[in-house]
Amino acid sequence: MAQEIYDPASVEKKWQDRWEDSGVFHAKSDFSLPKYYCLIEFPYPSGNGLHVGHPRSNTAMDIIARKRRMEGYNVLFPIGWDAFGLPTENFAIKNNIHPAIVTKKNVDHFREQLKMLGFSFDYTREVNTTDPEHFKWTQWIFLKLFERGLAYKTEMPINFCTQCKVGLANEEVVDNHCERCGGEVIQLVKSQWMLKITDYAQKLLDGLDDVDFIERVKTQQRNWIGRSEGAEADFQLSAAPEKLKVFTTRPDTLFGATYMVVSPEHPYIEKYADRISNIEEVRAYRKQAQGKSEFERTELNKDKTGVRLEGFDAVNPVTGKNIPIFVSDYVLMSYGTGAIMAVPAHDTRDWEFATKFGLPIIEVVAGGEDVQAAAYTDSANGVLVNSDFLNGLKVPEAKKKITQYLEELGIGKKTVNYKLRDWVFSRQRYWGEPIPLVHCPKCGWVPLPEEQLPLKLPETENFKPGENGESPLAGLTEWINTTCPHCGGPAQRETDTMPQWAGSSWYFLRYMDPHNHEALGSPEALAYWGPVDWYNGGMEHTTLHLLYSRFWHHFLYDIGVVPYAEPYAKRTSHGMILGENGEKMSKSRGNVVNPDDMVNEYGADAFRTYEMFMGAFDQAIPWSTRGVVGCRRFLDRVWKLQSMVQGEHEAALRVPLNKMVKKVGEDFEAMKFNTAIAAMMAFVNDAYAVGHLGKEDFKVLLQVLNPVAPHICEELWAALGEKTMVCQSKWPVYDEAYCTEQTREIAVQVNGKVRGRIEIAMDTPEEEMKALALSDEKVQAFLDGKQVVKVIVVQGKIVNIVVK
RNA sequence: GCGGGUAUGGCGGAACUGGCAGACGUGCAGGAUUUAGGUUCCUGUGGAGAGAUCCGUGUGGGUUCGAGUCCCACUACCCGCACCA
């Protein structure tokens with residue numbers, strides 16, 4: 001028997017060492033075994049160390065990984081470090097220390113903390129995005145994208161602090177000012193590398209049909225990609241021989257287009273500046289709009305603003321009427337064509353704008369209220385009016401007919417538009433993967449030959465970005481100056497680095513074959529381990545990371561590197577852990593809970609159990625240290641069960657045990673960890689009520705509890721005389737015959753209110769249930785003097801007597 | 001403003017496809033053990049009422065024999081956002 005008193009400190013370290021020494025959690029490279037790949041998002045090793053949010057996802061997937069091993073799968077449950085990134089770089093600059101040193105220190109700290117929690121990671125497959133052996137392949141993928149024309153350079157604005165003279169991430173910009181120095185932030189246009197994710201918009205959308213992602217995630221991905229069908233239409237300019245192209249999802253309302261709006265950045269404005277009589281006013285408006293970030297520009301603009309382009313009208317192609325053109329910042333250059341036809345009667349934003357500027361509102365779809373009072377936007381049921389040849393048609397038919405009409409005249413066509421934009425891939429930073437391209441005055445942009453990868457970061461003392469928002473690498477002439485791999489002439493390296501997203505877009509593939517020097521992974525390993533069977537992560541990564549990595553994976557599939565298009569078969573999400581006061585945990589709020597303290601005080605198992613027990617896995621839950629105490633008490637009670645073992649099986653516990661095993665298994669799979677643990681607690685309570693339990697009963701409890709609280713279970717398992725570890729045992733099977741009680745007390749209702757109870761066998765026929773219910777004494781009292789209209793009997797559940 | 005979510009005891013939460021609301025934990029109260037505190041064990045614990053009973057799942061309607069669960073309208077809070085034409 002193990003010690004009388006449960007002491008996590010002595011138990012936990014011992015088993016962590018045994019797991020490590022025995023290598024029980026190493027994934028085997030025997031590709032004939034049934035495999036299971038469990039994945040968590042690899043952490044960013046921040047200087048603050050582990051946060052209580054990390055163990056939530058980690059424990060959940062650790063439970064699945066441990067259960068799968070017990071079910072006989074060859075499990076891959078890896079860990080790595082998403083280690084490039086801004087905080088490390090900023091820390092390095094501030095403290096004048098190399099980011100690689102900071103990274104190493106943080107990674108070591110994180111690893112130690114994770115080990116302390118007993119996760120069954122295969123540490124032999126660790127990856128680190130900042131390791132040249134890893135980013136060699138990140139650069140390799142980029143070159144493939146470049147080769148296929150999916151990487152291109154274009155002018156894009158960056159946030160630029162006018163005081164620090166450096167480019168800033170969105171996160172560092174608060175209210176148009178630099179988060180660090182408070183200086184004013186402007187938009188500085190720079191030439192940047194872009195990835196054409198938009199080429200994959202449809203594939204990324206279609207791929208969602210074949211994967212098992214929780215619905216919320218699918219919806220968010222779909223909305224982010226934002227496919228919409230509509231039409232393009234050309235409006236002739238009155239003052240120039242050109243046409244203004246718009247995209248609309250409501251071509252049916254074309255007869256109601258009474259004005260147009262272009263984005264302040266629309267190229268026609270400068271192109272025809274000499275024909276716009278109030279061009280200075282327009283430029284002033286544009287300057288104002290540029291001062292705002294896109295988010296501000298759109299959010300703050302509750303009250304519509306705009307300026308008319310004087311003397312520069314357009315012609316509505318179906319009515320032939322001249323209509324004015326406005327500039328307004330509610331139209332964005334980055335979506336559609338940067339210009340819209342405004343139909344105030346049937347679009348809320350247009351209606352607001354028209355009302356403010358006194359523009360005509362013409363109803364072309366009937367079926368709503370007065371369009372002078374509010375826009376009528378229902379596109380399903382309306383019927384066209386005031387629209388010549390469209391009159392009388394329903395909206396969907398009108399859309400078809402007008403689109404055909406525009407196509408015949410050659411001034412429009414059916415189009416699909418996506419909200420998704422191309423991915424800005426350049427960063428003017430030091431701590432990222434160098435972009436392996438060389439610019440040659442003769443040959444243009446030339447990729448580095450594969451054998452020259454990895455292109456490592458140059459050694460330097462200065463990690464600060466250049467004065468004009470340039471990369472810190474821009475000042476390192478020795479590194480920059482090189483020869484063109486194509487013509488051998490003098491050339492210069494690209495100085496921008498890749499965003500943090502690059503490494504995280506494919507890291508999960510590297511786990512499959514992490515030490516391969518010839519390829520990012522052997523075809524056999526990639527075919528065997530992929531796709532990831534279950535990927536859990538935070539909702540905050542639902543759009544960007546998930547979409548970027550799916551994009552890269554689809555691309556790798558298209559060029560034959562991986563044998564399947566979708567990287568993740570299943571994706572789930574966990575809720576955020578809030579501070580004890582119900583607010584988001586943050587240093588500034590002073591409500592941060594440190595995992596180390598919890599482990600020291602209550603043990604890793606109690607901490608893990610609480611993280612899983614605290615509430616619904618997908619919901620945000622406030623932290624409660626009282627809850628950890630409760631979980632520790634439960635484990636103490638489990639510990640004490642070892643002195644209550646008598647014989648092999650306890651008959652009185654047979655049904656509770658089988659029910660519990662069934663529920664725990666099912667609940668783990670559904671990520672209902674809280675109710676699984678509740679079921680185990682209830683079983684322990686049952687055993688206490690009986691006063692003892694069989695040795696085999698206890699072993700089964702240890703087996704199902706083991707994924708949640710592995711250390712204590714190993715200790716108790718060993719104390720029972722078992723030679724192999726509980727994590728190596730077989731997941732227990734339950735007997736369906738003992739999963740339900742033989743008899744049950746059910747309620748008898750009269751007019752829907754519970755009035756009595758009867759004890760019945762589960763298989764009592766309905767007729768008999770009815771007779772029993774009607775003869776119940778308490779029920780009789782409520783039937784007295786009334787007429788029984790109807791009796792509803794649900795077998796094994798309830799009887800409801802309807803009386804008048 | 002748009003999109004998505006959530007709302008149940010003092011607190012965290014449970015409730016399968018509509019069938020006994022409050023499992024499990026916490027907190028609280030009482031008891032046992034203990035010199036005492038703590039620990040542990042046992043009992044009770046949605047509200048009102050002496051009681052039979054009545055009232056209770058954010059609000060207001062509805063469907064149903066029966067609604068936390070389904071439908072309609074609303075309110076509050078949380079998350080995301082690129083006014084997406």
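Treat the numbers as computed from the prediction; the structure is a model and nothing was measured. In what follows, chains carry the letters A, B, and so on, assigned in the order in which the sequence lines appear, proteins first and then strands, with residues in each chain numbered from 1.
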message = At 4.0 Å (heavy atoms only), tell me whether A/Asn223 reaches a base, stays on the sugar-phosphate, or touches nothing.
response = sugar-phosphate
key: Base paired to B/C74 (Watson-Crick or G-U; both N/O distances under 3.5 angstrom)   = B/G58
key: Distance, P atom - from B/C11 to B/C54, rounded to whole angstrom   = 27 Å
request  = Please figure out whether A/Lys790 or A/Thr249 has its closest RNA chain B nucleotide nearer the 5' end.
outcome  = A/Lys790
ask   = Rounded to the nearest 0.5 Å, what separation is found between the CD atom of A/Glu352 and the CG atom of A/Asp350?
value = 9.5 Å
request  = Tell me yes or no: between the side chains of A/Thr572 and A/Asn536, is some donor less than 3.5 Å from an acceptor?
outcome  = yes
query = Which part of the nucleic acid does A/Thr248 contact within heavy-atom distance under 4.0 Å: base, sugar-phosphate only, or nothing?
reply = sugar-phosphate
request  = Look at all strands and tell whether A/Ser228 reaches a base, only sugar-phosphate, or nothing, counting heavy atoms closer than 4.0 Å.
outcome  = sugar-phosphate
message = What's the gap between B/G13 and B/C24 when it is taken at their C1' atoms, as a whole Å value?
response = 8 Å
query = How far does the P atom of B/G60 sit from the matching atom of B/A76, given to the nearest Å?
reply = 16 Å
remark   = Of B/A82, B/G19, B/C55, the nucleotide closest to the side chain of A/Lys753 is B/C55
message = Output the rounded distance in Å from CG (A/Leu544) to P (B/G80).
response = 12 Å
request  = Rounded off to whole Å, could you give me the NZ-to-P distance for the A/Lys419 and B/C84 pair?
outcome  = 7 Å
task = Grab the CE-C1' distance between A/Met576 and B/G5 for me, whole Å please.
result = 12 Å
ask   = Would A/Arg308 count as a cation-pi partner of A/Phe357, with NZ or CZ less than 6.0 Å from the six-membered ring centre and within 45° of the ring normal?
value = no
query = Just checking A/Gln749: base, sugar-phosphate only, or nothing, at a heavy-atom cut-off of under 4.0 Å?
reply = base
Separation of atom CG in A/Asp618 from atom P in B/G5, rounded to whole Å = 12 Å
task = Report the relative orientation of the aromatic rings in A/Trp623 and A/Tyr610; use parallel for angles under 30°, tilted for 30 to 60°, perpendicular for over 60°.
result = perpendicular
request  = Ignoring the backbone of A/Arg633, work out which of B/C84, B/U40, B/G19 is nearest its side chain.
outcome  = B/U40
ask   = How does protein contact run along nucleotides 8-16 of chain B, one letter per nucleotide 5' to 3', with B for base contact, S for sugar-phosphate only, - for none, heavy atoms under 4.0 Å?
value = ----BSSSB
key: Spacing of A/Lys770 atom NZ relative to B/C65 atom C1', expressed in whole Å   = 13 Å
request  = With heavy atoms under 4.0 Å as the rule, sort A/Asn685 into base, sugar-phosphate or nothing.
outcome  = sugar-phosphate
ask   = Looking for any heavy atom pair under 4.0 Å, which part of the strands does A/Arg757 touch: base, sugar-phosphate only, or nothing?
value = base
task = Can you tell me, in whole Å, how much space there is between the P of B/G30 and that of B/U75?
result = 46 Å
ask   = Can we say A/Asp636 and A/Lys640 salt-bridge, meaning some charged N sits less than 4.0 Å from an Asp/Glu carboxylate O?
value = no
key: Minimal non-hydrogen separation, A/Gly256 against A/Pro344, with atom names   = O-CD, 4.0 Å
ask   = Does any nucleotide pair with B/C41 by Watson-Crick or G-U wobble geometry, both distances under 3.5 Å, and what is it?
value = B/G31
task = Please report, rounded to the nearest Å, how far the C1' atom of B/C20 is from the CD atom of A/Glu759.
result = 14 Å
inquiry  = Without decimals, in angstroms, what is the distance between A/Phe634 CZ and B/U40 C1'?
reply    = 17 Å
key: Rounded distance in Å between the P positions of B/G66 and B/A52   = 26 Å
inquiry  = Taking A/Glu229 first and then A/Lys400, would you say they form a salt bridge - that is, a charged N and a carboxylate O separated by under 4.0 Å?
reply    = no
query = Which part of the nucleic acid does A/Arg755 contact within heavy-atom distance under 4.0 Å: base, sugar-phosphate only, or nothing?
reply = sugar-phosphate
query = B/G51 and B/A7: how far apart are their C1' atoms, nearest whole angstrom?
reply = 35 Å
inquiry  = Going by purine N1 to pyrimidine N3 plus the second Watson-Crick contact, or the G-U wobble pair, all under 3.5 Å, which nucleotide sits opposite B/U63?
reply    = none
inquiry  = So if I take every side-chain heavy atom of A/Ile798 and compare against B/G19, B/G25, B/C42, which nucleotide ends up nearest?
reply    = B/G19
key: Atom-pair distance (CD on A/Gln220; P on B/C84), nearest Å   = 16 Å
ask   = Which residue lies toward the 5' end of RNA chain B, A/Ile746 or A/Gly627, if each is placed at its nearest nucleotide?
value = A/Ile746
message = Closest approach to the side chain of A/Lys640, judged atom by atom: which nucleotide of B/A85, B/G66, B/U40 is it?
response = B/U40
remark   = In Watson-Crick or G-U wobble terms, with both distances under 3.5 Å, the base opposite B/G1 is B/C81
request  = Take atom P in B/U59 and the same atom in B/G10, then report the distance between them in whole Å.
outcome  = 14 Å
ask   = Glycosidic conformation of B/G18, syn or anti, with 90° from 0 as the boundary?
value = anti
note = Closest heavy-atom pair, A/Arg421 versus A/Thr198, reported as atoms and distance to 0.1 Å, is C-CG2, 3.7 Å
Contacts of type ring pair (Phe, Tyr, Trp, His ring centres under 6.0 Å), residue A/Tyr259, not counting sequence neighbours = A/Phe326, A/Phe353
task = Assess whether salt bridge (charged side-chain N to carboxylate O under 4.0 Å, His left out) is satisfied between A/Lys672 and A/Glu666, documenting all intermediate values.
result = CA-CA 8 Å; A/Lys672 292 167 73 172; A/Glu666 288 172 356; over 6 Å; no
task = Would you mind telling me which of B/C65, B/C20, B/G5 lies closest to the side-chain atoms of A/Arg216?
result = B/G5
query = What does A/Arg637 touch in the nucleic acid at a heavy-atom separation under 4.0 angstrom: a base, only the sugar-phosphate, or nothing?
reply = sugar-phosphate
query = Expressed in whole Å, how much space separates the P atoms belonging to B/G62 and B/G68?
reply = 15 Å
inquiry  = Heavy atoms from C-beta onward define the side chain here; which of B/A21, B/U40, B/A85 lies closest to that of A/Val754?
reply    = B/A21
